[in-house]
Peer 1: 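My questions all concern the structure below.
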Amino acid sequence: MLIRRPKSWELKENQTTPEKLYMNRRQIIAGLGLASGAVTSCAQATTKPDIPGRKLDFSSSKYKIDEPSTPYDLVTSYNNFYEFGTDKSDPAKYAHTLITDPWSIEVEGHAAKTGTFALEDIIRPEEQEERIYRLRCVEAWSMVIPWVGVPLHKVLARFEPTSKAKYVQFVTKFEPKQMRGTRWPALDWPYLEGLRMDEAMNELPLLATGLYGHEIPKQNGAPLRLVVPWKYGFKSIKSIVKIRFVEEEPKTSWKKSAPREYGFYSNVNPLIDHPRWSQASERVLGGAAGFNSVFSRRPTDMFNGYGDAVASLYAGMDLKRDY
Ligand SMILES: Nc1nc2c(c(=O)[nH]1)N[C@H]1C(S)=C(S)[C@@H](COP(=O)(O)O)O[C@H]1N2
Ligand SMILES: [Mo]
């Protein structure tokens with residue numbers, strides 16, 4: 001794969017810290033201060049990396065949930081990644097065929113800095129943070145996941161979006177040879193998602209590179225996936241290869257496939273039911289009472305509990321109409 005080096009700001013940066021230019025995938029996570037031995041090699045199977053007893057310390061983090069996190073094995077074996085099949089167990093079985101190194105991302109549209117960038121030139125190791133977020137799937141289950149990632153707004157700001165950029169669209173890799181699920185039209189490929197620009201520039205969204213202190217497994221969206229904690233899980237697009245700054249509301253896969261069921265905004269909202277089921281509560285996978293227990297049901301929080309940070313984005317909007 002040909003990777004054109006980005007211009008201007010990266011080159012300036014490289015002159016002062018030349019090692020960054022050659023930072024490899026392993027070092028992206030290692031830059032967080034983790035032992036490099038704890039990182040899964042890209043050449044290895046990615047479903048069950050060896051996890052030494054590393055204790056994650058979120059005590060000083062503003063972004064955490066005081067509940068047990070969903071066990072690693074469950075976070076990495078119960079996935080929605082339709083490019084590898086529609087069964088929850090398919091991604092862990094089949095995502096190993098995805099080639100994630102090297103990886104480049106195309107940046108297009110209304111921004112001063114566009115072009116094709118190597119992943120290593122978009123993600124700055126020193127900007128990575130650990131944050132615990134609840135992922136609330138539209139199917140009314142949730143998991144509590146300790147992510148590693150870079151705040152989305154920091155990455156987007158570096159491309160210098162212009163005032164015409166009202167929305168940002170994300171596109172997942174589409175490579176049928178590496179993604180067996182795309183042989184069937186479960187969705188219209190490639191997978192598309194989008195945010196309004198002010199949502200994207202909010203402090204909460206992460207571009208995740210890892211979870212549980214490890215490089216993100218392929219079934220969870222390696223090498224780079226979005227996490228938007230106040231929206232249903234499907235907004236958190238995986239294995240991103242394109243970022244587009246656009247003027248009009250961009251197409252999103254689930255809205256395209258069933259516009260009556262899935263809207264552009266898709267904010268977690270217990271008051272607005274999905275046409276076929278309630279959104280008032282959710283099953284906490286791997287929660288205190290175990291995988292399938294009815295006792296681990298919890299009421300769903302407005303904006304998934306992140307209202308303080310995001311409710312103001314929707315002031316004056318009718319969330320029943322703009323669902
Ligand atoms: N490219 C792509 N991204 C995707 C999906 C998908 O099918 N394809 N599924 C979404 C859905 S419905 C959910 S709930 C989350 C699940 O993320 P996880 O498997 O890491 O828990 O990924 C989202 N991102
Ligand atoms: Mo989902």
Side-chain angles (χ1 to χ4, degrees), residues 46-47 69-95 98 100 103 105 131-149 169-176 178-182 184-195 205-212 214-243 251-258 261-263 266-268 274 276-277 279 282-286 300 304:
T46 52
T47 46
S69 290
T70 305
Y72 180 88
D73 283 350
L74 195 49
V75 174
T76 56
S77 65
Y78 188 88
N79 302 102
N80 273 337
F81 198 166
Y82 278 17
E83 287 85 336
F84 297 102
T86 54
D87 198 276
K88 297 282 184 289
S89 61
D90 284 338
K93 273 189 227 147
Y94 302 120
L98 180 68
T100 57
W103 192 269
I105 295 176
R131 298 183 178 185
I132 303 176
Y133 282 151
R134 187 186 306 279
L135 181 138
R136 204 311 190 159
C137 180
V138 74
E139 299 166 296
W141 49 264
S142 69
M143 300 195 199
V144 177
I145 303 177
W147 298 102
V148 178
Q169 184 181 42
F170 301 90
V171 184
T172 291
K173 190 178 180 85
F174 174 55
E175 180 48 80
Q178 297 172 28
M179 304 169 122
R180 75 195 297 278
T182 61
W184 297 279
L187 286 170
D188 192 10
W189 317 108
Y191 195 97
L192 305 171
E193 258 310 334
L195 296 170
L206 273 190
L207 278 173
T209 54
L211 53 84
Y212 268 100
H214 297 270
E215 186 173 322
I216 193 165
K218 293 179 180 180
Q219 59 269 38
N220 294 90
L224 196 66
R225 68 83 69 74
L226 186 63
V227 180
V228 190
W230 73 95
K231 294 178 181 277
Y232 291 117
F234 63 86
K235 299 296 284 185
S236 296
I237 183 172
K238 293 171 167 171
S239 305
I240 297 166
V241 291
K242 215 174 265 192
I243 299 176
K251 291 238 180 305
T252 59
S253 288
W254 285 100
K255 185 175 175 182
K256 263 168 82 181
S257 78
E261 301 188 17
Y262 311 105
S266 301
N267 293 316
V268 173
H274 182 276
R276 292 183 280 134
W277 59 81
Q279 296 290 20
E282 68 209 39
R283 218 156 39 89
V284 185
L285 299 189
T300 288
N304 206 17

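Each residue takes its place number in the sequence, starting with 1. Every number for a ligand or one of its atoms is a count from 1 in the order of the listing.
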Peer 1: At a 4.0 angstrom heavy-atom cut-off, what protein residues surround ligand 1?
Peer 2: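 Within the 4.0 Å shell of ligand 1, which is judged on heavy atoms, sit Asn79, Asn80, Phe81, Tyr82, Glu83, Leu135, Cys137, Thr172, Tyr191, Asn220, Arg225, Gly233, Phe234, Ser236, Ile237, Lys238.
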Peer 1: If we ignore hydrogens and angles and just use 3.5 Å, is the side chain of Arg225 paired with the main-chain N or O of Asn220 as donor and acceptor?
Peer 2: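 Side chain of Arg225 to backbone of Asn220, a donor-acceptor pair under 3.5 Å: yes, one is there.
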Peer 1: Holding to ring-ring contact (aromatic ring centres under 6.0 Å, His included), I want the full list of residues that pass it with Phe81, two or more places apart in sequence or in another chain.
Peer 2: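 Residues passing ring-ring contact (aromatic ring centres under 6.0 Å, His included) with Phe81: Phe84.
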Peer 1: Holding to ring-ring contact (aromatic ring centres under 6.0 Å, His included), I want the full list of residues that pass it with Tyr262, two or more places apart in sequence or in another chain.
Peer 2: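 Listed in chain order: Phe234, Trp254, His274.
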Peer 1: Sequence neighbours excluded, which residues qualify as side chain to side chain donor-acceptor pair (under 3.5 Å) partners of Gln178?
Peer 2: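 In terms of side chain to side chain donor-acceptor pair (under 3.5 Å), with neighbours along the sequence ignored, Gln178 is linked to no residue.
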Peer 1: Between Glu193 and Ser253, is there a donor-acceptor pair closer than 3.5 Å when you use the side chain of the first and the backbone of the second?
Peer 2: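 Judged by distance alone, no pair lies under 3.5 Å.
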Peer 1: Without swapping roles, check the side chain of Lys218 against the backbone of Leu98 for a donor-acceptor pair under 3.5 Å.
Peer 2: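 At least one qualifying donor-acceptor pair exists.
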